[in-house]
Amino acid sequence: TREIFRNWEFTRLFGELQGKMGNAEICFDISRKVHPALLEALLEPDPLAEVDQKPRSPQFWMFKAPIYRRLFRGSGGERYPLFHGPGRSAINCLLIESDVDGIVPSIKEAAGTSLKLRALPNVPREAEWLEQFLTEIKPVFGLGEIRRINQQAAQKAGVSMQDLVKQTLLGQTEWHLVHYVGHCHYDVIQNTGFVFFPAKPFVEPTDLAEFSTWLTKTRFVYLSGCDSSEEDFVFELARNSVPAVFGFRWRIEDDLAVEYTKSFYTILFEQTKS
């Protein structure tokens with residue numbers, strides 16, 4: 001914080017830039033070892049508080065301007081984010097509704113017991129809302145195909161949910177926006193992230209190293225699940241050239257996740273397009 005934001009000349013210039021442009025952003029171009037730092041939670045410096053010593057409520061920089069991280073991977077093949085790049089085609093949207101709970105024998109918790117995933121009753125509601133929202137704005141924003149896949153669709157196709165997701169992502173359609181809603185888990189012992197799909201008799205985990213290779217054309221991935229911005233999630237997706245990913249750094253409440261999704265996509269399409 002001191003090195004970046006107690007540089008008063010930078011603070012002054014950034015304030016002027018915001019005043020002129022109104023949409024200034026801060027981007028940290030970082031290495032893997034810096035990634036776990038909570039850069040979004042940096043406090044705004046307050047020179048007046050240092051002068052008069054009066055207690056003040058500090059402001060977070062993330063409330064003043066968008067703060068995001070860019071991971072330089074040095075990989076080839078430019079893949080532009082959703083609203084950028086030359087000759088942009090209509091945005092195809094894939095919604096993965098993974099309503100799953102139960103035991104995952106292959107993944108152990110810190111106590112040595114098998115991972116147990118809690119029920120997420122709002123998963124279908126979130127996927128249904130997003131499908132309806134994107135359908136409503138489709139003619140306005142020139143969206144392409146909008147498809148929602150879940151366990152019912154997998155059963156109808158006679159395949160597992162995991163296979164349906166893989167086949168869909170690797171099929172003929174280029175899925176530019178992929179929204180996964182369900183369980184995400186970061187295994188600190190294996191340093192590996194997982195997403196999960198319904199299966200019998202147990203839940204089927206898919207590690208990020210495999211899942212991210214299915215996202216061959218994806219421009220934006222929204223992972224609506226706990227711990228979905230932990231290190232392995234971010235770096236595996238970056239390694240496979242996904243240019244933008246959104247996730248959460250901690251456990252999230254099921255009902256609030258739905259409300260956040262509504263707010264995020266409404267602002268993304270109807271206000272910022274950024």
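Atom set for the values below is all heavy atoms of this structure, side chains included, hydrogens, waters and symmetry mates excluded. Residues: numbered from 1 along the sequence shown.
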Answer yes or no: is there a side-chain heavy-atom contact under 4.5 Å between Leu134 and Leu95? yes
Rounded to the nearest 0.5 Å, what separates atom CZ in Phe194 from atom CD in Glu204? 12.0 Å
Please evaluate residues Leu237 and Leu215 with respect to the criterion side chain to side chain contact (heavy atoms under 4.5 Å, CB included), reporting the C-alpha separation (whole Å), side-chain torsions for both, the decisive distance (0.1 Å), and the verdict. CA-CA 8 Å; Leu237 291 167; Leu215 304 167; 3.4 Å; yes
Carboxylate-amine/guanidinium contact Arg125 Glu128, below 4.0 Å: no
Take atom NZ in Lys116; do more than 12 heavy atoms of anything else shown fall under 6.0 Å from it? no
So do the side chains of Trp175 and Leu169 get within less than 4.5 Å of each other, counting heavy atoms only? yes
Is the shortest heavy-atom distance from the side chain of Glu210 to the side chain of Asp207 under 4.5 Å? yes
Can you give me every donor-acceptor pair (side chain of residues 101-115, partner residue at least two apart or in another chain, under 3.5 Å) with its distance?
unit_1	atom_1	unit_2	atom_2	d
Lys108	NZ	Pro105	O	3.3
Lys108	NZ	Ser114	OG	3.2

List the steps and the verdict of ring-ring contact (aromatic ring centres under 6.0 Å, His included) for Phe269 and Phe83. CA-CA 10 Å; Phe269 280 99; Phe83 302 105; 5.7 Å; yes
Any side-chain heavy atom of Ile149 within less than 4.5 Å of one from Ile96? yes
Taking the side chain as everything from C-beta on, heavy atoms only, tell me whether Asn92 gets closer than 4.5 Å to Lys217. no
Sub-4.5 Å side-chain heavy-atom contact between Leu82 and Leu177: yes
Nearest non-hydrogen partners of Ile252 and Ala257, listed with the distance: CD1-CB, 3.9 Å
Taking side chain as C-beta onward, heavy atoms only, is Ser160 less than 4.5 Å from Phe197? no
Scanning both residues in full, the closest heavy-atom pair of Pro124 with Arg148 reads O-NH2, 3.7 Å
Measuring only between side-chain heavy atoms, which start at C-beta, is His183 closer than 4.5 Å to Arg118? yes
Whether Asp187 side chain and Thr192 backbone form a donor-acceptor pair below 3.5 Å: no
Smallest separation among heavy atoms of Ser228 and Phe233, with atom names: O-CB, 3.4 Å
Is there a donor in the side chain of Gln132 and an acceptor in the side chain of Glu136, or the other way round, less than 3.5 Å apart? yes
